[in-house]
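First the proteins, then the strands, lettered A, B, ... as listed; each starts at 1.
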Protein chains: 2
Amino acid sequence: MTDKRIHILEVAERLFSEKGFDGTSVRDIAGQAGVNLAMISYYFGSKEKLMAALIDHRSGYTRGILEELNKDELLSPWDKIDKLIDLYVDKILNNYKFHCIMTQHLPTVQSDEIRETITEIKVLNFEQVKKIITEGQRKKVFRKVDMELTVGTVMGTITQVTLSKNLYQRLLNIDKNDEEGYRKKMIPKIKNHLKQLLKAHLDINNQE
Amino acid sequence: MTDKRIHILEVAERLFSEKGFDGTSVRDIAGQAGVNLAMISYYFGSKEKLMAALIDHRSGYTRGILEELNKDELLSPWDKIDKLIDLYVDKILNNYKFHCIMTQHLPTVQSDEIRETITEIKVLNFEQVKKIITEGQRKKVFRKVDMELTVGTVMGTITQVTLSKNLYQRLLNIDKNDEEGYRKKMIPKIKNHLKQLLKAHLDINNQE
DNA sequence: TTAACTTAAACAAACGTTTAATTAAAAAAA
DNA sequence: TTTTTTTAATTAAACGTTTGTTTAAGTTAA
């Protein structure tokens with residue numbers, strides 16, 4: 001992929017995350033990317049296909065999570081949970097624009113194919129986490145929990161922070177325009193919270 | 001508010017939740033509501049004001065949560081948490097269309113006023129929950145937790161289930177078209193999960 | 001008789017996409 | 001190396017739709 005194509009994709013990503021897919025015009029993208037309007041059709045074919053190209057371009061980061069998780073098979077269940085949280089929080093908050101697009105755009109996306117592709121990735125993610133938890137249960141260090149919703153809680157908490165940025169900027173007295181500062185403060189905060197949360201939630205000694 | 005106005009709002013709500021604000025045309029709304037195109041401008045003034053009217057119409061359900069929470073001051077902290085979860089899960093999943101619109105549309109909404117209104121409601125919600133947790137800590141039954149993110153986890157888990165419906169329908173083998181059945185199964189499932197989660201997370205005996 | 005409601009038609013603006021002409025770059029031929 | 005040919009990149013302009021909104025004439029109900 002040429003530099004120019006990637007540049008267009010990144011401009012589109014920013015605009016989609018700020019104004020939504022339908023709220024962003026092709027002229028907007030071309031203008032902010034500094035290219036002629038017709039170049040977008042020339043390169044990508046259509047606005048819909050540009051979105052598909054963006055998903056293709058970025059979905060590497062999701063695959064990256066799965067691959068890194070599969071290394072270090074020797075870790076203990078607790079260490080794996082910690083690593084899982086570190087990986088997800090880092091990857092998602094460093095790709096928060098794309099993550100915003102996925103959570104916002106996906107439910108309204110018309111193309112069945114795109115929706116299936118993304119659901120497929122999520123299912124793979126889920127099964128990976130499920131494997132870790134099941135192993136911890138087999139080793140008698142994790143207790144019985146609602147598998148689907150435990151994963152939902154981890155993903156949901158991270159999503160909540162990226163989607164309700166306004167709220168948390170206000171609650172934590174962070175300057176509204178300091179995007180970088182928000183993430184810098186939030187990343188360790190989320191990691192600590194999720195680790196403490198799962199430690200209590202999964203610990204077999206906390207059974208009742 | 002007349003029946004016809006409410007009917008238009010409810011049609012708009014469904015379409016917005018399915019296709020997004022910008023993905024829904026005024027002609028779409030008029031057509032599905034069975035009214036003339038011009039009636040929407042006549043009743044609401046503009047598409048943007050129709051959205052504002054919808055928010056106004058539905059935001060009663062958020063206020064309702066806060067009011068019901070303030071009753072029964074005599075309950076124990078643990079009972080209040082249980083009641084909190086029951087209230088939120090019921091209200092949000094029975095208004096899931098509106099909740100989808102809020103989470104998806106809010107980050108991209110241009111009007112500062114609408115965004116501020118909604119953030120305001122969320123802040124009130126947060127402070128209400130904070131009060132419950134703080135009281136539990138004062139009574140030495142809850143431990144120290146990350147206040148903002150504990151609330152974020154509860155909201156995020158519920159949001160996750162309403163936004164990633166596709167995923168959970170597949171994980172739980174629920175028919176894709178059975179909207180009613182999905183909620184019927186999900187509501188008690190989320191309640192149980194969140195109660196178990198918070199029980200472990202907040203319990204002062206689980207400190208380490 | 002007055003006010004509220006309803007309609008079909010029209011409006012200008014914005015939309016995604018295509019066209020046809022031009023320039024720049026790469027490949028082939030001299 | 002220079003010249004010619006071919007391919008790729010870029011442009012301004014225009015295309016036909018669809019958009020949100022308004023108009024002006026009509027109907028219904030108070």
Q: Give the B/S/- string for nucleotides 9-20 of chain C, one per nucleotide from 5' to 3', where a protein heavy atom under 4.0 Å of the base yields B, of only the sugar-phosphate yields S, and otherwise -.
A: -B----BBBBB-
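Atom NZ of B:Lys4 and atom P of C:dA4 are 16 Å apart (whole Å). Spacing between atom CE of A:Met39 and atom P of C:dA24 amounts to 14 Å, rounded to whole angstrom units. The interatomic distance linking A:Asp3 (CG) with D:dA9 (P) rounds to 13 Å, in whole Å. Protein atom OH of B:Tyr43 is 10 Å distant from nucleotide atom P of C:dT7, rounded to whole Å. Straight-line distance from the CZ atom of A:Phe44 to the C1' atom of D:dT10: 15 Å, rounded to whole Å.
Seen from the ring of A:Phe21, A:Lys47 counts as a face-on cation partner, given the 6.0 Å and 45° thresholds.
Here A:Lys49 lies out of heavy-atom contact (under 4.0 Å) with every strand.
In this structure, A:Ile92 and A:Met155 have side chains that are in contact, with non-hydrogen atoms separated by less than 4.5 Å.
Nearest heavy-atom pair across B:Ile121 and B:Ser59 is CD1-CB, 4.2 Å. Of all non-hydrogen atoms in A:Ile190 and A:Val161, the two that sit nearest each other are CD1-CG1, 3.8 Å. When all heavy atoms are compared, the tightest approach of B:Tyr43 to B:Arg5 is O-NH1, 3.2 Å.
Here A:Ile55 contributes atom CD1 and A:Phe98 contributes atom CZ; the two are 5.5 Å apart, rounded to the nearest 0.5 Å.
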